[in-house]
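Below is one structure, written out as structure tokens, with a few remarks after it.
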Number of protein chains: 2
Amino acid sequence: MRLSTKGRYSLEALVMLGFLSQGMHANISLKHISQETEISEGYLEQLFNKLKKSEILISKRGKDGGYQLAKPPSDITIGSIFRSVEGSLSPVKCLDTDCCDRSEFCLTRCFWTEINDEINQVIDTLVLSELIETYRKNLAIGDKS
Amino acid sequence: MRLSTKGRYSLEALVMLGFLSQGMHANISLKHISQETEISEGYLEQLFNKLKKSEILISKRGKDGGYQLAKPPSDITIGSIFRSVEGSLSPVKCLDTDCCDRSEFCLTRCFWTEINDEINQVIDTLVLSELIETYRKNLAIGDKS
DNA sequence: TCAAAACCTAGTAAAACGGTAGGTATTATG
DNA sequence: CATAATACCTACCGTTTTACTAGGTTTTGA
């Protein structure tokens, strides 16, 4: 039931990316995001690679290159981010691979499916723009104090 | 977000135990459960050890010894089973350890808390007796065909 | 041409996973 | 009292995953 750091880091990085590029169409470099989030550049690179393949990010190479969100952040669900970097999110493997041949397993499978659906419902409803907005607000509060 | 086999095995074993001991107060041996579930006896032993500590199981040693549920299965939530064998179920570690000092992290923490609550709500509402019942029904259907 | 960036490949230490092996302690029964 | 069945305990162990790091190549704008 535990997410690895991949999911958490990706989310933090994308929130940061979204925040930094708000309103503009500038490319944000890995270096920049790495500095802001304190996530190592190399590790971030691997995550961003996956996020590119999932069409959550686009990139531009060369000088002044960097990354941008491929879509408006209101179209990017948290679930799509997690699935992109973590692989399947289903609580047990046999939901993915259909490995069972006994009725006991079928029982638990039904049960896992239920849990799985509930989790997916949560993370596929929440959207990146909401988190960016929350971040912006948190930051404003932090500045005042 | 993925559960290891510990959670799945434990659940399967407890459903089986509950099913086998329905109505009676007999002790069910590890060997018996291992045979029915095809989970290795040694591995099962480790899981049952944890489930004992969580007061989900009780045991009796010596000949004719074995395990019983410590409470009626309607009082055993799936969540308590998972937590017993998997440790914390929170999606990210920083929910447990309070490791953050930056506002970004606080943002994500808020978010994780939300997801966490939803997951817990699902697994703490579902109860072992329901799964045993489902198993019993599945078995009946299997017998007919 | 040069510097900054993405892109690519490989390695790696540590932890977790999914067990196995082999013993000790306890208990009902013949 | 001996025995067999059981829980209980400790340790080990191969494999996979995690969370990185290192060191290069390619692209691009100025």
Side-chain angles (χ1 to χ4, degrees), chain A residues 1-13 17 20-21 26-35 37-53 56-70 82 85-89 91-94 97 99, chain B residues 1-10 12-13 17 20-21 25-35 37-53 56-70 82 85-89 91-94 97 99:
Chain A
M1 197 68 72
R2 170 157 289 186
L3 229 53
S4 71
T5 59
K6 285 177 198 154
R8 185 166 60 106
Y9 283 178
S10 298
L11 199 55
E12 284 174 13
L17 176 65
L20 291 174
S21 59
N27 295 307
I28 314 285
S29 69
L30 271 182
K31 198 177 171 188
H32 192 168
I33 294 180
S34 169
Q35 280 165 354
T37 57
E38 291 177 2
I39 303 165
S40 91
E41 211 176 318
Y43 198 41
L44 216 43
E45 189 188 310
Q46 293 173 37
L47 300 176
F48 273 29
N49 207 329
K50 292 185 180 179
L51 293 167
K52 268 197 66 177
K53 282 178 187 149
I56 290 168
L57 286 178
I58 49 173
S59 62
K60 181 147 171 261
R61 302 180 70 164
K63 191 161 190 189
D64 299 331
Y67 292 89
Q68 287 182 48
L69 297 175
F82 287 170
V85 295
E86 301 261 3
S88 163
L89 295 177
V92 294
K93 280 180 191 158
C94 74
T97 51
C99 60
Chain B
M1 197 68 71
R2 171 157 290 188
L3 228 52
S4 71
T5 59
K6 286 176 198 152
R8 185 167 60 105
Y9 283 178
S10 298
E12 283 173 13
L17 176 65
L20 291 175
S21 59
H25 284 274
N27 296 305
I28 314 285
S29 68
L30 272 182
K31 198 177 170 188
H32 192 169
I33 295 180
S34 167
Q35 281 165 354
T37 57
E38 291 176 3
I39 302 165
S40 90
E41 212 175 318
Y43 198 41
L44 215 43
E45 190 187 309
Q46 293 174 37
L47 300 175
F48 274 28
N49 206 330
K50 292 184 181 180
L51 292 167
K52 268 197 68 176
K53 282 179 188 149
I56 290 167
L57 286 178
I58 50 174
S59 62
K60 181 148 169 262
R61 303 180 70 165
K63 192 163 189 188
D64 298 333
Y67 292 89
Q68 287 183 47
L69 297 175
F82 287 170
V85 295
E86 301 260 2
S88 164
L89 295 177
V92 293
K93 279 182 190 156
C94 75
T97 53
C99 61

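Residue numbering restarts at 1 for every chain, and letters A, B, ... go by the order of the sequence lines.
- Listed here is the closest heavy atom pair of A:Gln68 and A:Leu17: C-CD2, 4.2 Å.
- B:Glu41 contributes no side-chain N or O that, together with a main-chain N or O of B:Ser34, makes up a donor-acceptor pair within less than 3.5 Å.
- A:Tyr67 comes within 4.0 angstrom of sugar-phosphate atoms only, judged by non-hydrogen atoms across all strands, and of no base.
- For the pair A:Glu45 (side chain) and A:Leu30 (backbone), a donor-acceptor distance under 3.5 Å is absent.
- Mapping B:Gly62 and B:Gly42 onto DNA chain C by nearest heavy atom places B:Gly42 at the nucleotide closer to the 5' end.
- Atom P of nucleotide C:dC2 and atom CG of A:Asp64 are separated by 19 Å, given to the nearest angstrom.
- Per the geometry, CD belonging to B:Glu38 stands 16 Å off C1' belonging to C:dG18, to the nearest Å.
- Between A:Lys52 and the phosphate of C:dC7, there is a side-chain N or O to OP1/OP2 separation shorter than 4.0 Å.
- One finds a side-chain N or O of A:Tyr9 lying less than 4.0 angstrom from the OP1 or OP2 phosphate oxygen of D:dC20.
- Here the closest heavy-atom approach between residue B:Glu86 and residue B:Gly7 is recorded as OE2-N, 2.8 Å.
- B:Tyr43 places its OH atom 6 Å from the P atom of C:dG19, with the value rounded to the nearest Å.
- Checking the phosphate oxygens (OP1, OP2) of C:dA28, a side-chain nitrogen or oxygen of B:Lys60 falls inside 4.0 Å.
- Taking side-chain N and O atoms only, A:Ser29 has no distance below 4.0 Å to OP1 or OP2 of C:dA4.
- For the side chain to side chain contact (heavy atoms under 4.5 Å, CB included) with A:Leu57, the qualifying choice from A:Asn49, A:Leu69, A:Leu47 is A:Leu69, the only one to do so.
- Protein atom CG of B:Asn27 is 10 Å distant from nucleotide atom P of C:dA28, rounded to whole Å.
- Remark: P of C:dT20 and CG of B:Leu30 are 14 Å apart, rounded to the nearest angstrom.
- Between A:Lys63 and A:Ser59, the one whose closest nucleotide on DNA chain C sits nearer the 5' end is A:Lys63.
- Separating the CG atom of A:Leu47 from the P atom of D:dC20 is a distance of 10 Å, rounded to the nearest angstrom.
- One finds a side-chain N or O of B:Ser4 lying less than 4.0 angstrom from the OP1 or OP2 phosphate oxygen of C:dG18.
- In this structure, the CD atom of B:Glu41 is 15 Å from the C1' atom of D:dC9, given to the nearest Å.
- Residue B:Ser40 has no polar side-chain atom (N or O) positioned under 4.0 Å from OP1 or OP2 of C:dG19.
- Closest-nucleotide positions on DNA chain D for A:Glu45 and A:Arg61 were compared, and the one nearer the 5' end corresponds to A:Glu45.
- Residue B:Gln46 contributes atom CD, which lies 13 Å from atom C1' of C:dA16 at whole-angstrom precision.
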